[in-house]
Amino acid sequence: MARLSSVFLVLLLHVELLITSPLCEGTNFRHSSSRKHVTAFFIFGDSFLDAGNNNYINTTTQVQANFWPYGETYFGFPTGRFSDGRLVSDFIAEYANLPLIPPFLQPGFRHYYAGVNFASSGAGALVETFQGLVIDLKTQLRYYKKVETWLRRKLGDVGAEVTLSKAVYLFSIGTNDYTSLFLTNSTILKTYSESQYVGMVIGNLTSVIKEIYTIGGRKFGFMNLPTVGCLPRLRILKQDTNGGCLKEASSLANLHNKALSKLLKKLSKQLKGFKYSLYDFNNNLKQRINHPSQYGFKEGKAACCGTGPFRGVFSCGGKRPVKEFQLCENPDEYVFWDSIHLTEKVYKQLADQMWRGSGNSLTVGSYNLKDFFQAH
């Protein structure tokens, strides 16, 4: 009998830990009397921001991270985030005094006062990018419209419109539209020129931004694309042996980044009240890859988790086609967590720059994310 009682107490403690876990904070937030005064946070994009939406769709482990060792550093268990711990969006939420923003598809999560995360690993601006395996940007927009409907029902039209206009909208999208060309047998660049293809990606992103603006969004944060040819997974596609970056991939990302900067300048002139912050993810990541010791890292090019040269084979966790993988002892010493994604330490450094907008971290626009969250 005493043993049964002790087992019951352990189970009760476990349930209490789950209830108070940071992953449940988004649900608990509905009880806060201050919920109507917060600046909501809506997150769109790909695996750099996905907090676990892909856990709940019928897909492949290539675009899932709901297994060990993902999440080992901070959470102690996998959450679906492609990192050893938290992402940029998690740190931004913390700095804004918000709970961790849960994924839209998380079962039981239906309280959106503080915002919601729509991002999906593998997603692109184009519907065709990894089609059928991810939640593309247009579908993320459709989910956002469901949240808009919910807010109107809960807060009334005026209350919802105030919430949506004060909210911050963060985007990281496009990386997969370009990496997929090199990771699959795509022949699309035989049909379209590089500039035409970039134009299609930017065109889809433009339509989503404009629709959110029409619904009420005014404050937009963007991460431009990383130097994709230097991601370990693409670095190993290069035929030479010196381990250089895949220039063709980085060239597309650079074209995209120029087009994105041009687009945002244009929208700020066209759309009344449209404000944006554009973070130079590309150059800030490149600095850490090429000069890791200046930022507190020992290794900038090879991943902590994976196998093969630079641990560029996407095998972290052993649940993907290649089962073999090696895992470093201390992720804090590495820029890359797996063959594509970054360690929590890097994400925190990037989030700090996005929040404060110091140095060269803002390429365009006169706002940082702190400005957006603290403006009333």
Side-chain angles (χ1 to χ4, degrees), residues 46-50 52 54-55 59-88 121-122 130 133-134 172 175-176 178-184 225-246 249-250 253 281 285-286 288-290 292 295-347 349-350:
D46 52 31
S47 54
F48 290 120
L49 296 177
D50 182 5
N54 281 17
N55 295 351
T59 189
T60 164
T61 53
Q62 294 276 50
V63 290
Q64 287 180 315
N66 52 352
F67 44 85
W68 183 87
Y70 289 95
E72 66 165 19
T73 299
Y74 178 75
F75 299 102
F77 55 89
T79 65
R81 290 166 172 81
F82 275 85
S83 181
D84 60 305
R86 291 162 289 183
L87 308 176
V88 159
S121 300
F130 298 125
L133 299 174
V134 301
S172 166
T175 298
N176 294 298
Y178 304 111
T179 58
S180 62
L181 303 180
F182 302 93
L183 298 174
T184 65
L225 303 193
T227 174
V228 295
C230 299
L231 304 177
R233 195 176 183 193
L234 272 77
R235 195 185 282 272
I236 64 172
L237 298 179
K238 196 169 169 62
Q239 296 303 310
D240 62 31
T241 55
N242 65 6
C245 302
L246 189 64
S250 293
F281 186 18
L285 179 58
K286 198 182 296 181
R288 286 161 176 78
I289 292 171
N290 295 331
Y295 299 90
F297 302 99
K298 290 186 178 178
E299 176 56 57
K301 295 176 182 176
C304 168
C305 187
T307 195
F310 301 100
R311 291 185 181 155
V313 177
F314 193 49
S315 63
C316 184
K319 300 283 188 179
R320 303 187 179 109
V322 176
K323 305 303 179 191
E324 179 192 346
F325 73 97
Q326 291 83 46
L327 179 64
C328 71
E329 285 188 16
N330 184 4
D332 280 355
E333 295 178 349
Y334 285 72
V335 170
F336 287 99
W337 162 248
D338 67 15
S339 312
I340 297 174
H341 308 97
L342 309 174
T343 57
E344 179 183 88
K345 184 176 175 179
V346 176
Y347 283 130
Q349 290 183 2
L350 303 186

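- Between Phe297 and Tyr334, a ring centre-to-centre spacing not shorter than 6.0 Å is recorded.
- Counting only distance, with no hydrogens or angles, the side chain of Ser83 and the backbone of Leu342 share a donor-acceptor pair below 3.5 Å.
- Between Phe77 and Phe75, the ring-plane angle classifies as tilted under the 30° and 60° cut-offs.
- With rounding to the nearest 0.5 angstrom, the CG atom of Asp50 is 8.0 Å from the CG atom of Leu87.
- Separating the CG atom in Leu327 from the SG atom in Cys304 is a distance of 5.0 Å, to the nearest 0.5 Å.
- Between Glu72 and Trp337 the shortest side-chain heavy-atom distance falls below 4.5 Å.
- Residue pairs meeting the salt bridge (charged side-chain N to carboxylate O under 4.0 Å, His left out) criterion with at least one member in residues 296-323, sequence neighbours excluded: Lys298-Glu333.
- Taking each heavy atom of Arg235 and Ile289 in turn, the nearest pair found is NH2-CG2, 3.8 Å.
- There is no side-chain donor-acceptor pair under 3.5 Å between Glu344 and Thr73.
- In this structure, Phe82 and Val63 approach most closely via the heavy-atom pair CZ-C, 3.6 Å.
- A donor-acceptor pair under 3.5 Å is formed between the side chain of Thr59 and the backbone N or O of Leu133.
- Atom-to-atom distance recorded for Leu246:CG and Leu231:CG is 10.0 Å, nearest 0.5 angstrom.
- Leu183 CG to Leu234 CG: the interatomic distance, rounded to the nearest 0.5 Å, is 5.0 Å.
- Among residues two or more places apart in sequence or in another chain, the side chain to side chain contact (heavy atoms under 4.5 Å, CB included) test is passed with Ser172 by Asp46, Phe48, Leu49, Met223.
- Gln349 contributes a side-chain N or O that, together with a main-chain N or O of Tyr295, makes up a donor-acceptor pair within less than 3.5 Å.
- When all heavy atoms are compared, the tightest approach of Tyr347 to Arg86 is CD1-O, 3.5 Å.
- Between Gly317 and Phe325, the closest heavy-atom pair is C-CE2, 3.4 Å.
- Rounding to the nearest 0.5 Å places CZ of Phe310 at 9.5 Å from CD1 of Ile236.
- Heavy-atom minimum distance, Val134 versus Gly122: CG1-C, 3.6 Å.
- When the SG-SG distance for Cys305 and Cys328 is compared with the 2.5 Å cut-off, it comes out at or above that value.
- Between Thr343 and Asp84, the side chains place no donor N or O within less than 3.5 Å of an acceptor N or O (distance only, hydrogens not considered).
- Side-chain atoms of Ser339 come within 3.5 Å of backbone N or O of Val313 as a donor-acceptor pair.
- Once rounded to the nearest 0.5 Å, the distance linking CG of Leu285 with SG of Cys230 reads 8.5 Å.
- Under 3.5 Å, the side chains of Thr79 and Arg81 contain a donor-acceptor pair of N or O atoms.
- Minimum heavy-atom separation, Tyr70 to Ala65: CB-O, 3.4 Å.
- Aromatic ring orientation, His341 versus Phe314: tilted (interplanar angle from 30° to 60°).
- Using modelled atom types, one side-chain atom of Ser250 and one backbone atom of Gly229 make a donor-acceptor pair closer than 3.5 Å.
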